[in-house]
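Have a look at the structure below, then the notes.
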Amino acid sequence: MGVKMHNATWFNVGGMAEVMFKPSSIEDLAAFVREADLPISVVGVASNLIIRDGIVEGAVIKLGREFSYVNCKGNVITAGCATLLGNLAMVAQESGISGLEFFVGIPGTVGGAVEMNAGAYGSDVASVLRSVRAVNERGEVCTLSNDDMRYSYREHGLVGKWIFVDATFVGTYSDRHAIKSTMNEFIAQRNDSQPVRGRTGGSTFKNPEGQQAWKLIDKAGCRGLKIGGAQVSEKHCNFLLNQGGATAKDLEDLGNEVRRRVYSMFGINLEWEIRFLGCGL
Ligand SMILES: Cc1cc2nc3c(=O)[nH]c(=O)nc-3n(C[C@H](O)[C@H](O)[C@H](O)COP(=O)(O)OP(=O)(O)OC[C@H]3O[C@@H](n4cnc5c(N)ncnc54)[C@H](O)[C@@H]3O)c2cc1C
Ligand SMILES: NC(=O)C1=CN([C@@H]2O[C@H](COP(=O)(O)OP(=O)(O)OC[C@H]3O[C@@H](n4cnc5c(N)ncnc54)[C@H](OP(=O)(O)O)[C@@H]3O)[C@@H](O)[C@H]2O)C=CC1
Ligand SMILES: C=C(O[C@H]1[C@H](O)[C@@H](CO)O[C@H](OP(=O)(O)OP(=O)(O)OC[C@H]2O[C@@H](n3ccc(=O)[nH]c3=O)[C@H](O)[C@@H]2O)[C@@H]1NC(C)=O)C(=O)O
């Protein structure tokens, strides 16, 4: 028994969740957290996640489509945490609100972006977030300000477990055509440099301070390296790909081999940006 997870992930790998819970409202979610006597994990659309090949113990929560909505009030935009970032960027553009263009092309949800402080092309969640509502581990609904999040590069400084349910962003009024053309530029740059149509998890490692991970990986001779069905992308060597039939173990082993080679050449420990869930077989 259990729920197969691989179809729900960008890498298309992963084993079974013991329990999957899809809340349809905040009350539903909060009650589940209060009452479930199980370890809890959360997934968005798993575009930054390797779910290992064995079991994810306890309950995996994935917000239902009821959490996928965008509301604009002036230059303030509130989005449910299941909203796809591309949809958020599109609504902001149609409403003439600038600042959220960088979300176009990041294939995750608002919840995943708030957790990861997702960013691209000189901006990130920390630059545009006003506040976020979340359910804490006691099942209470709390509002956290941008300052409360204590954001830094691809992480927040919150303590404990939080399930984000909606997020409020502030942009600036601008011309719709100008916003659209910025978005088109970002899409073109990304299509040129990243394997966006592959089964991938985006950047595998954070860029070490003052360095670009891909250059270290390239110099360490890892471009195109393969383990099983997993391969370091030829196009962007900080991206891993499932080229067909890869297991989560192939991807994790390949990432660790890249880290080993980069460490032995440069003495630099690459830090995984991709998150892991569950146990191996
Ligand atoms: C082709 C490609 C390009 C990418 N480009 C970028 C980029 O330019 N910039 C960038 O920053 N990232 C990029 N990514 C990575 C990824 O899309 C982002 O990190 C995204 O924000 C993850 O969202 P998700 O819904 O897929 O989260 P998941 O991968 O499902 O989860 C990521 C983390 O967030 C947690 N999480 C998810 N939802 C919630 C929630 N509601 N409450 C609490 N925690 C939650 C999970 O537990 C996990 O720890 C890229 C990925 C791909 C595949
Ligand atoms: N399945 C995936 O996550 C992957 C998708 N892709 C790419 O995504 C595209 C669609 O893939 P496919 O699996 O057929 O798509 P689906 O429509 O079946 O859904 C893909 C994922 O996105 C979520 N989702 C889709 N639309 C919305 C929405 N409007 N609001 C909130 N969440 C949404 C789904 O959540 P829900 O559970 O609510 O249906 C599911 O987790 C393709 O181009 C594919 O290449 C690539 C790799 C993996
Ligand atoms: C994809 C992610 O975010 C990305 C984000 O999209 C981009 C754009 O802002 O900048 C970071 O990548 P990055 O530093 O590798 O920048 P990119 O824009 O992808 O590449 C920079 C330049 O290097 C070139 N490049 C990159 C890889 C490679 O193998 N060869 C190459 O020539 C690209 O063509 C581009 O001209 C983020 N990654 C990290 C770890 O910070 C992610 O976090 O998952």
Side-chain angles (χ1 to χ4, degrees), residues 21 23 25-34 36 39-49 59-64 66-85 87-89 91-92 97-103 106 108-172 202-203 206-207 209 271-277:
F21 177 63
S25 67
I26 298 178
E27 295 70 34
D28 200 15
L29 171 63
F32 182 84
V33 172
R34 281 195 300 271
I40 284 176
S41 4
V42 194
V43 299
V45 290
S47 62
N48 200 60
L49 206 56
V60 174
I61 293 180
K62 182 175 196 297
L63 300 179
E66 294 81 357
F67 291 85
S68 177
Y69 60 85
V70 185
N71 296 323
C72 295
K73 247 194 205 161
N75 61 335
V76 177
I77 303 186
T78 298
C81 278
T83 306
L84 296 174
L85 296 167
N87 292 342
L88 171 61
V91 174
I97 299 166
S98 174
L100 282 70
E101 294 88 340
F102 72 96
F103 281 132
I106 305 182
T109 62
V110 167
V114 168
E115 170 67 22
M116 297 303 304
N117 190 15
Y121 304 114
S123 198
D124 58 15
V125 166
S127 335
V128 286
L129 184 86
R130 172 182 279 179
S131 61
V132 57
R133 281 202 303 160
V135 170
N136 68 14
E137 50 212 335
R138 290 185 297 281
E140 298 156 343
V141 183
C142 311
T143 300
L144 302 161
S145 68
N146 186 316
D147 283 348
D148 291 335
M149 296 302 290
R150 297 195 291 117
Y151 273 127
S152 55
Y153 171 53
R154 293 292 189 275
E155 61 184 51
H156 60 65
L158 294 178
V159 176
K161 219 179 193 77
W162 298 85
I163 304 171
F164 304 117
V165 292
D166 61 44
T168 298
F169 302 93
V170 185
T172 51
S203 294
K206 295 183 185 179
N207 285 331
E209 206 167 344
E271 188 187 337
W272 284 93
E273 180 190 308
I274 285 177
R275 304 276 183 96
F276 291 87
L277 197 58

Stepwise side chain to side chain contact (heavy atoms under 4.5 Å, CB included) test for Phe21 and Ile40: CA-CA 10 Å; Phe21 177 63; Ile40 284 176; over 6 Å; no
Heavy-atom pair of closest approach, residues [X] and [Y]:
X	Y	result
Ala82	Gly64	CB-O, 3.7 Å
Ala30	Gly139	CB-O, 3.4 Å
Ala120	Ile106	CB-CD1, 4.2 Å
Asn146	Ala126	ND2-O, 2.8 Å
Asn75	Ile97	CA-CD1, 3.8 Å
Val125	Ala113	CG2-O, 3.4 Å

With Thr168 via side-chain hydrogen bond (donor to acceptor under 3.5 Å, both in side chains) - residues at least two apart: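 Thr78.
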Residues in side-chain hydrogen bond (donor to acceptor under 3.5 Å, both in side chains) contact with Ser131, at least two apart in sequence or another chain: none
Among all residues two or more places apart in sequence or in another chain, which pass the ring-ring contact (aromatic ring centres under 6.0 Å, His included) test with [X]?
X	value
Tyr69	none
Phe102	none
Phe276	Trp272
Phe169	Phe103

Flag, side chain of Asp28 to backbone of Pro23, donor-acceptor distance under 3.5 Å: no
Short side-chain to backbone donor-acceptor contact, Tyr153 and Glu209, under 3.5 Å: no
Roughly how far, to the nearest 0.5 Å, is [atom2] of [Y] from [atom1] of [X]?
X	Y	atom1	atom2	answer
Leu144	Leu158	CG	CG	6.0 Å
Cys81	Leu63	SG	CG	6.5 Å
Ser127	Asn117	OG	CG	7.0 Å

For the residue pair [X] and [Y], establish whether any side-chain heavy-atom pair is separated by less than 4.5 Å.
X	Y	result
Tyr151	Leu129	yes
Val114	Met149	yes
Thr109	Phe67	no

Considering residues at least two apart in sequence or located in another chain, which fulfil the side chain to side chain contact (heavy atoms under 4.5 Å, CB included) criterion with [X]?
X	result
Glu115	His156, Phe164, Arg275
Val70	Ile77, Ala79, Thr83, Leu88, Val91
Glu27	Ser25
Glu271	Glu155, Lys206

Pairs meeting criterion salt bridge (Lys or Arg N to Asp or Glu O under 4.0 Å) with involvement of residues 144-154, two or more places apart: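 Listed once each, the pairs are Arg154-Glu273.
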Summary of salt bridge (Lys or Arg N to Asp or Glu O under 4.0 Å) pairs that have at least one residue in residues 122-133, sequence neighbours excluded: Arg133-Asp166
Working for side chain to side chain contact (heavy atoms under 4.5 Å, CB included), residues Val110 and Leu85: CA-CA 6 Å; Val110 167; Leu85 296 167; 4.0 Å; yes
